[in-house]
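Comments concern the structure below.
Quick caveat: nothing in here was measured; it's all calculated off a predicted structure. Each ligand, and each atom within it, is numbered from 1 in the order the structure gives.
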Amino acid sequence: MSRIDLHLHTTHSDGSFPPSEVLKLAKKASVTALAITDHDITSGLPEAMSIGQELGIEVIPGVEISSFDGRSELHILGYCLDWKDPVLDERLGTLRASRHRRNPLIIERLRAAGLDVTYEEVRQMAGTESVGRPHIAQLLMKKKYVLSAKEAFDRYLAEGKAAYVARELPRPDEAIRWIREARGVAVLAHPTWIKDGGQGFLGCVTALKEAGLDGVEVHYSTHSKSQTSGYLELAMRLDLLVTGGSDFHGITKPDIEVGYGRGDLKVHPRLLDPLKTIAAGR
Ligand code: AMP
Ligand code: ZN
Ligand code: FE
Ligand code: FE
């Protein structure tokens, strides 16, 4: 049964498999089209596209941009964007630079807690300019300070934990504008991350729509059936595009598989045409 997967990470950000391996896993999972959505970087796209051609898998150019609305960290996925656009490239560069300002502060806090780690080690392990907390988690695993990435986040790296340091992030409306100015389609990733403030969930998504949001990631690895149907209803009510993906990362999220999420994810290929139609109008 064919399926698509519009949310995948590679070694070009904090995933643990290179694009070629992700594509091979997608082939095994009967994925006919996919989007590589690395955090703040598009350098994995040429390899993904060339392997996609070999394997007969359609590769949609993508990116995932973290943003902060004052209450919640919201991730905005950009699809079908002109990823060679120099303005986009410069904007993504500023986001990667903010990672390099934050990460050494996280390392300082880990060292203060008695862990023998350096940022140089993290950078070597990451092998990319888009260095994220999952890379730090991987180093803690390698050095046997923790058994899993989950433990690294629960003990040190998650918001509110001893080594948590916030990073300068754009507002969601800026992230949306950056994607649209690169002629891409902007989609709210994993909507469960919205912290229900005074404005409420519906108010938050309505404001994002007014800022130019095109769609919402209705189908997602961790969604329960009732969450999926709730987000589907929301998308229909606000006339937003419906998308979906696994958010595959490899070893830092070991329970998530390409195309299948935790086993019951199914993103239907029919969702692709409406996305492409919006992109064609940009
Ligand atoms: P960063 O972009 O460096 O702030 O790192 C955030 C990324 O870490 C998210 O996009 C997820 O991919 C990952 N992440 C967040 N929480 C966890 C967790 N509990 N376990 C594994 N990975 C996580
Ligand atoms: Zn990630
Ligand atoms: Fe995300
Ligand atoms: Fe992601």
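Inside a sphere of radius 2.8 Å centred on the Zn ion (ligand 2), the protein N/O/S atoms present are D14 OD1, D14 OD2, H39 NE2, H249 NE2.
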Would you be so kind as to tabulate the donor-acceptor pairs closer than 3.5 Å made by side chains of residues 183-190, with sequence neighbours excluded?
unit_1, atom_1, unit_2, atom_2, d
R183, NH1, E181, O, 3.3
R183, NH2, D82, OD2, 3.0
R183, NH2, D85, OD2, 2.9
H190, NE2, E64, OE2, 3.4
H190, NE2, H75, ND1, 3.2

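Ion pairing of K143 with E121 is present here, as a side-chain N (NZ or NE/NH1/NH2) and a carboxylate O approach within less than 4.0 Å. One finds a salt bridge joining D214 and R282 here, because a Lys/Arg side-chain nitrogen approaches an Asp/Glu carboxylate oxygen to under 4.0 Å.
Applying the salt bridge (Lys or Arg N to Asp or Glu O under 4.0 Å) definition to pairs two or more places apart or across chains, those involving residues 8-24 are E21-K24.
Ligand 1 places these atoms under 4.0 Å from at least one heavy atom of R99: 1 (P), 2 (O), 3 (O).
The side-chain heavy atoms of V122 and V117, taken from C-beta on, include no pair separated by under 4.5 Å.
Within the set A166, S13, P134, the minimum heavy-atom distance to atom 13 (C) of ligand 1 is found for P134. Considering H249, R133, H135, R167 only, the shortest heavy-atom separation from atom 6 (C) of ligand 1 involves R133.
Aromatic ring centres of F248 and Y260 lie farther apart than the 6.0 Å criterion allows.
Each protein N, O or S atom less than 2.8 Å from the Fe ion (ligand 4) was counted, giving 4.
Considering backbone and side-chain atoms alike, K150 places every N or O at 3.5 Å or more from each N or O of ligand 1. Residue contacts with ligand 1: R102 is placed with a nitrogen or oxygen under 3.5 Å of a nitrogen or oxygen of the ligand (distance criterion only).
No side-chain donor from either of Q138 and T252 sits under 3.5 Å from a side-chain acceptor of the other.
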